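Order of the sequence lines fixes the chain letters, A, B, ..., with proteins taken first and strands second; residue numbering starts at 1 for each chain. What you are looking at is a predicted structure, and each value in this text was computed from that prediction instead of being measured.
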There are 2 protein chains.
Amino acid sequence: MKRNSRLSLALHTLGHMASDPNRVRTSSDIAEHAGTNPVVVRRVLGKLREAGLLTSEKGHAGGWRLARQPQDITLADVYLALDERMVATGETSEAPACSVEHALHKRVSTVLEDIEASLVKRLSETSISEVR
Amino acid sequence: MKRNSRLSLALHTLGHMASDPNRVRTSSDIAEHAGTNPVVVRRVLGKLREAGLLTSEKGHAGGWRLARQPQDITLADVYLALDERMVATGETSEAPACSVEHALHKRVSTVLEDIEASLVKRLSETSISEVR
DNA sequence: ACAAATGCAACTGCAAAAGTTACGAGCAAC
DNA sequence: GTTGCTCGTAACTTTTGCAGTTGCATTTGT
Ligand code: FES
Ligand code: FES
């Protein structure tokens, strides 16, 4: 798959779930629809469950369901739940040591953090009920 | 190395060059300083040469030199020269087909393009002469 | 009991990027 | 014009992250 495959999979799936929230879906269903593997689906949706966006149930009639109203789940919620930041480098743990690297890192990471924040802000303006 | 190694290497090197523009540096010098390989340096700096930020000369007293004044080279110039976009997915060439994916892609790519643009704008506000 | 589903761990396969090696071509010093 | 240093580039190897896969324990409804 491509680069942002986890985010794509998550958004695609939630987009479908938003348009029919009562239906329970199994990871096999979702995997087949998305052209991937049930285990991959569980890995990705598991992150969303940890973040409180989805619920899952084991057993015979189990599967995945939205944990909130579709209008109350934004693209930012999904993005943050997967915690794979697109821009911010986060903790690089590099020895700052020299002045060039120190000044550089400071400038760049400030910009990147700002950009990351505005990305999240923009994503929070759209809910998954608007992308079906 | 880490994820944004090319950008890090480029910025680090230009930062040093900005603080002593007249000195000519060989890829071996730079590689040793940056803890990498001369060929990798030439690959990365080659991109910057294509973009008109650096000049290189072969032969006995050859090496790398800034092509402009340090104040006239911004972080955005370097970022764009490497053409590895951080956020914008660019041409995904996916069949839009279904309505969910279409709406999703439209929303997300709009946001991403805006964010990419504001990243470049922010980076263009700092020149390499300010990070030494 | 049985079938159907998640949860999880471990392994394989693959592709992109860094790193490496090798060699050709240009330029300066001698 | 020969030598030594440099870039330019192609080909190969190594590393690394991630999707994909397999296997099995656990839970749950029939
Ligand atoms: S070694 Fe510290 S900035 Fe280059
Ligand atoms: S198949 Fe799911 S949006 Fe088209």
Using whole Å, report how far [atom1] of [X] lies from [atom2] of [N].
X     : N      : atom1 : atom2 : result
B:R65 : D:dT6  : CZ    : C1'   : 13 Å
A:H60 : C:dA1  : NE2   : P     : 18 Å
A:R6  : D:dG17 : CZ    : P     : 12 Å
A:L45 : C:dC8  : CG    : P     : 13 Å
B:K47 : C:dA18 : NZ    : P     : 12 Å
B:N37 : C:dT20 : CG    : P     : 5 Å

**Residue closer to the 5' end of DNA chain D, A:V40 versus B:S27 (nearest nucleotide)** =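 The 5'-side residue here is B:S27.
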Donor-acceptor pairs under 3.5 angstrom involving side-chain atoms of residues 28-35 of chain B: please list them, not counting sequence neighbours.
from  : atom 1 : to    : atom 2 : distance (Å)
B:D29 : OD1    : B:T26 : OG1    : 3.3
B:D29 : OD2    : B:T26 : N      : 3.4
B:D29 : OD2    : B:T26 : OG1    : 3.2
B:H33 : NE2    : B:H12 : NE2    : 3.1
B:H33 : NE2    : B:H16 : NE2    : 3.0

**Request:** Examine C:dT6: is either OP1 or OP2 under 4.0 Å from a nitrogen or oxygen in the side chain of A:T26? Give yes or no.
**Result:**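 Checking A:T26 against C:dT6: no side-chain N or O falls below 4.0 Å of OP1 or OP2.
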Could you pull out all residues at least two apart from [X] that satisfy salt bridge (charged side-chain N to carboxylate O under 4.0 Å, His left out)?
X     : answer
A:D77 : A:R68
A:E50 : none
B:R65 : none

**Asked** For A:A51, what residues pass the side chain to side chain contact (heavy atoms under 4.5 Å, CB included) criterion, not counting sequence neighbours?
**Response**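 Partners of A:A51 under the side chain to side chain contact (heavy atoms under 4.5 Å, CB included) test: A:L53, A:A81.
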**Request:** Please list, chain by chain and in numerical order, all residues satisfying side chain to side chain contact (heavy atoms under 4.5 Å, CB included) with A:A76, sequence neighbours excluded.
**Result:**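 Scan of A:A76 (side chain to side chain contact (heavy atoms under 4.5 Å, CB included), adjacent residues dropped) gives A:T74, A:V120, A:L123, A:S124.
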**Asked** After noting the C-alpha distance and the side-chain angles of A:R25 and A:D20, does the key distance pass the side-chain contact (heavy atoms from CB on, under 4.5 Å) rule?
**Response** CA-CA 10 Å; A:R25 290 149 209 263; A:D20 188 359; 3.6 Å; yes
**Item:** 4.5 Å side-chain heavy-atom contact, B:L66 and B:L14
**Value:**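 The answer is yes, as the side chains (C-beta and beyond) meet within the 4.5 Å cut-off.
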**Request:** Determine which pairs satisfy side chain to side chain donor-acceptor pair (under 3.5 Å) with at least one residue from residues 111-120 of chain A, sequence neighbours left out, and list them in order.
**Result:**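 Qualifying pairs, neighbours excluded: A:Y79-A:E116, A:D114-B:R122.
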**Message:** How would you summarise protein contacts on nucleotides 8-16 of chain D per nucleotide, using B for base, S for sugar-phosphate only and - for none, with heavy-atom distances below 4.0 Å?
**Reply:** BBBB-----
**Prompt:** Hey, can you pull the residues of residues 11-24 of chain A with a non-hydrogen atom under 4.0 angstrom from DNA chain C?
**Reply:**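 Hits under 4.0 Å, by residue number: none.
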